[in-house]
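Below is the structure I would like to discuss, written out as structure tokens.
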Amino acid sequence: MSESNAVANGLAGAGGGIIAQILTYPLQTVNTRQQTERTLKRNNNQSLILQSSSNTTTTVPAHGTFLQILHVIGSEGWGGLYSGLKPSLLGTAASQGIYYYFYQVFKNRAVAIAAARKVKGRGDGTVGMFGWLIVAAMAGSLNVLVTNPIWVLVTRMQTHTQAERKIMEEKKEAIRREASESSITGSTLQDKVAELESIKPFGTIHAVCNPSIQFMIYESSLKHLRAKRTAKKQGNQSVTALEVFLLGALAKLGATVSTYPLLVVKSRLQAKQEIGGSNSYRYSGTIDAILKMIRYEGFPGFYKGMSTKIVQSVFAASVLFMVKEELVKFFTVLTDKSKKALLKKKVII
């Protein structure tokens, strides 16, 4: 029964994740570009200083998420908002399916341990907040190990825009112009162009903090809600779809606010690294990225696009939780009906 319950949760998580991803993908694309944008600290005019391809700086006025969406549509068409959607859906289905499967497996085990402890006179028979944190962290660790390569591909596709290709061509032209005005040999020119077209290896963050905090808040809030209904002696203790939606939003909000700097660093490391020009925009690993962001961009650099991320992730998590719980109910009813039909068939035979 526990195995079928885990499978049902895995399938429901994959389905809910796909629906949530499709609905919020444009916001996710814009947010990824906000996180990976290299900018210096703000000046007195509240403008952003962007590093150009020729080691000079260009002043560009800051603008909001909605204007950025319009800019992407204008420069790349509607397809720009859905760049990398196909691998993202694959990654989402695999990630959510694996996560919810193992989460339910570990959850069943944790509940069984809590019940056994109660029989021995230790505890109240429920899993505490720290227990939910461990369960979510274990499931998240397995999930990241399996699906991280897919998300690296997704992030690269989201940040590989027409603007980046244009910058790359400008850099090549600058190298050729430098070669024509100086005594650079042909072999040196070829080496520089080859360096420009290469991709520097990057580190990766095993980010299990966000889902761990998210599910700790969710399960603890769910436990509190049910305990409150029990205390009021309400007959129906089941949670409605709207309540799941709101609990999911609350859990994701807390997780996003507390772990957002890690998400920015992760996106920076997974995106294509800046080749050529200032070394301040090239990261050799997590610590190097953090130190350079603090030095050249200040602490606000760790919170780029946070408002966009909150809207996208909170809404996506709410939809995911709601759809997932409804699908679990559907799979459970379907499984029960199948078992009853098989049992009835055996009786007749």
Would you find a donor on one side and an acceptor on the other, under 3.5 Å apart, between the side chain of S258 and the backbone of A255? yes
Salt bridge E297-K304, side-chain N to carboxylate O under 4.0 Å: yes
Kindly determine whether L142 and M138 satisfy side chain to side chain contact (heavy atoms under 4.5 Å, CB included), including the steps that lead there. CA-CA 7 Å; L142 289 173; M138 290 172 65; over 6 Å; no
Are any of the side-chain heavy atoms of L250 and S221 separated by less than 4.5 Å? yes
State, yes or no, whether a side-chain contact exists between L27 and I69 at a heavy-atom distance under 4.5 Å. yes
Flag if over 12 foreign heavy atoms under 6.0 Å of NZ, K329: yes
Give the minimum heavy-atom separation between G248 and A317, together with the two atoms involved. O-CB, 4.1 Å
Is it true that E243 and T240 share a donor-acceptor pair across their side chains at a distance under 3.5 Å? yes
Go through the steps for L242 and M322 under the test side chain to side chain contact (heavy atoms under 4.5 Å, CB included), then give the verdict. CA-CA 7 Å; L242 177 60; M322 183 179 67; over 6 Å; no
Linking Ile, Leu, Val, Met, Phe, Trp and Tyr through side-chain heavy atoms less than 4.5 Å apart, which residues share a cluster with L343? none
Shared hydrophobic cluster for V328 and V319 (ILVMFWY, side-chain gaps under 4.5 Å): no
For F106 and V135, work out which heavy atoms get closest and say how close. CB-CG1, 3.8 Å
For K309, side chain to side chain donor-acceptor pair (under 3.5 Å) partners two or more places apart: Q312
Once rounded to the nearest 0.5 Å, what's the spacing between atom CD1 of I22 and atom CG of L89? 5.0 Å
Taking the side chain as everything from C-beta on, heavy atoms only, tell me whether L263 gets closer than 4.5 Å to Y260. yes
Hey, what do you get for CG (N9) to CG (N5), rounding to the nearest 0.5 Å? 5.0 Å
Any side-chain heavy atom of V264 within less than 4.5 Å of one from Y303? no
Determine whether a donor-acceptor pair (N or O, by modelled atom type, separation under 3.5 Å) exists between the side chain of T259 and the backbone of L262. no
What distance separates L320 CG from S313 OG, expressed to the nearest 0.5 Å? 12.0 Å
Compare every heavy atom of L222 with every heavy atom of V239, then report the nearest pair and how far apart it is. CG2-CD1, 3.4 Å
Is the closest side-chain heavy-atom distance between S75 and H71 below 4.5 Å? yes
Measure the shortest side-chain to side-chain distance between K324 and Y100 over non-hydrogen atoms and say whether it is less than 4.5 angstrom. yes
What residues form a side chain to side chain donor-acceptor pair (under 3.5 Å) with Y103, not counting sequence neighbours? E219
Salt-bridge present (K292, D288; N to O < 4.0 Å): yes
Looking at CG of L253 and CD of Q214, how far apart are the two atoms once the value is rounded to the nearest 0.5 Å? 11.0 Å
State whether the side chain of W132 and the backbone N or O of I217 hold a donor-acceptor pair below 3.5 Å, judged by distance alone. no
Which ILVMFWY residues can you reach from I287 by hopping between side chains whose heavy atoms are under 4.5 Å apart? L291
When rounded to the nearest 0.5 angstrom, what is the spacing between NZ in K252 and CG in N210? 3.5 Å
Should F331 and L342 be counted in the same cluster of Ile, Leu, Val, Met, Phe, Trp and Tyr side chains packed under 4.5 Å apart? no
Ring-ring centroid check F215 Y99, cutoff 6.0 Å: yes
Going by ring pair (Phe, Tyr, Trp, His ring centres under 6.0 Å), name the residues that satisfy it together with Y218, two or more places apart in sequence or in a different chain. F321
How many angstroms lie between atom CD1 of I113 and atom CG of N108, to the nearest 0.5 angstrom? 11.0 Å
Can you tell me which residue pairs pass the side chain to side chain donor-acceptor pair (under 3.5 Å) test with a partner in residues 110-120, sequence neighbours excluded? none
Do N143 and F102 have side chains that approach each other closer than 4.5 Å (heavy atoms only, starting at C-beta)? no
After noting the C-alpha distance and the side-chain angles of V30 and L81, does the key distance pass the side chain to side chain contact (heavy atoms under 4.5 Å, CB included) rule? CA-CA 7 Å; V30 170; L81 292 176; 4.2 Å; yes
For A20 and T24, work out which heavy atoms get closest and say how close. O-OG1, 2.9 Å
So which atom in S318 and which in A249 form the shortest heavy-atom distance, rounded to 0.1 Å? OG-CB, 3.0 Å
Answer yes or no: is there a side-chain heavy-atom contact under 4.5 Å between Q21 and Q28? yes
Check against side chain to side chain contact (heavy atoms under 4.5 Å, CB included), L247 and L225: CA-CA 10 Å; L247 287 178; L225 178 61; 4.3 Å; yes
Heavy-atom pair of closest approach, residues I294 and F302: CG1-CE1, 3.4 Å
